[in-house]
Amino acid sequence: MRQTIFLNGKFIPQEKARLPVLTSGFLYGWGLFETMRSLDNNIVYFKEHLKRINQSCKLMHIRFPYSFNKLKEVIKKTVKINRITDAYVRLTLWKSDTLTDTLVVARKYQPYPWQKYKRGFRACISGYRQNENSLLAQLKTTNYLFYQLAYTEAKKRGFDEAIILNNRGYLTETSRSNVFLVKDKTLFTPALECGCLDGITRRVILDLAKKHHIPVYTGNFTIQDLYNSDEAFLTNSLMGIMPLVSIEKRLIARGKPGKMSCFFLERYNLLLRNEA
Ligand code: PMP
């Protein structure tokens, strides 16, 4: 099907897009992006995504090009023009001389089959290490090569995901999600200082845990902690909550999605619908 995108103020067919190449965005990867889900005309956690990219823009000296309301309107229109009810939406902003280039793309959301959620993800340990002191570690920049390489490495080795450790050997996240461990009915997740993204879904889980009186600890955790956990799961805005059942073919507990993972999965899906 013909795809319409929003590029710098205009809705155009994707194949008609033209861009200058002598920009900092193209030459140096000086840009930011957000991936969101739009369900039944509602952009899920829109405000949170927009706040995150807006804050990152300030850190990266990128001028925010539109008001939140205008961007909401643009995203909704992009989804509508392409006649999608459940959409993957990507907003990209990048530096172009003194201006900011803006791209909005909406595609049909392609969920993992439910069997995948029932079985859970199998992850490897990436050979790439995150520099926890790097500014880039906590931003969703258009320099995603590090994560792309980690993901490609995992796929080549036959795994679903790659667990990334930082330079000090502590857990950070995976190539496209945050990671949670459960031990003795308590939830653990790497602190932001470990070099992980301040994930929107991570925050939702932390809020849900608080609401349901589940104790939570953020801090430094090792791969041993992950092996010794009772269960583990991964989070991101597109796949939601995905149980993690093994690392390098070593099973976590009995290698099955755990109770707390399923609880959060159900709760999150309810929230998505309530939001919608
Ligand atoms: N870490 C990385 C490296 C990611 O790419 C993502 C996906 N944006 C996440 C974590 C999860 O973030 P969110 O919940 O905001 O989608």
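Atoms within a ligand are numbered from 1 in the order they appear, just like the ligands themselves. Just so it is clear, the structure is predicted and the values come from calculations on it, not from any experiment.
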Suppose we call two aromatic rings close when their centres sit under 6.0 Å apart. Are Tyr268 and Phe263 close by that rule? no

Shortest non-hydrogen contact from Ala17 to Ile12? CA-CD1, 3.7 Å

Going by an N to O cut-off under 4.0 Å, is there a salt bridge joining Glu248 and Arg157? yes

Under a 4.0 Å threshold between the charged nitrogen and the carboxylate oxygen, would Arg203 count as salt-bridged to Glu48? no

Evaluate whether atom OH of Tyr227 has more than 12 neighbouring non-hydrogen atoms of other residues, nucleotides or ligands under 6.0 angstrom away. yes

For atom NZ of Lys76, decide whether the heavy atoms of other residues, nucleotides or ligands shown that lie under 6.0 angstrom number more than 12. yes

Starting from the N and O atoms of ligand 1, find every protein N or O within less than 3.5 Å and list the pair with its distance.
residue, atom, partner, partner atom, Å
ligand 1, 1 (N), Glu173, OE1, 2.7
ligand 1, 5 (O), Tyr144, OH, 2.7
ligand 1, 8 (N), Lys140, NZ, 2.6
ligand 1, 14 (O), Ile200, N, 3.3
ligand 1, 14 (O), Thr201, N, 3.0
ligand 1, 14 (O), Thr201, OG1, 2.7
ligand 1, 15 (O), Arg52, NH1, 2.9
ligand 1, 15 (O), Arg52, NH2, 3.0
ligand 1, 15 (O), Ile200, N, 2.8
ligand 1, 16 (O), Ser237, N, 2.9
ligand 1, 16 (O), Ser237, OG, 2.8

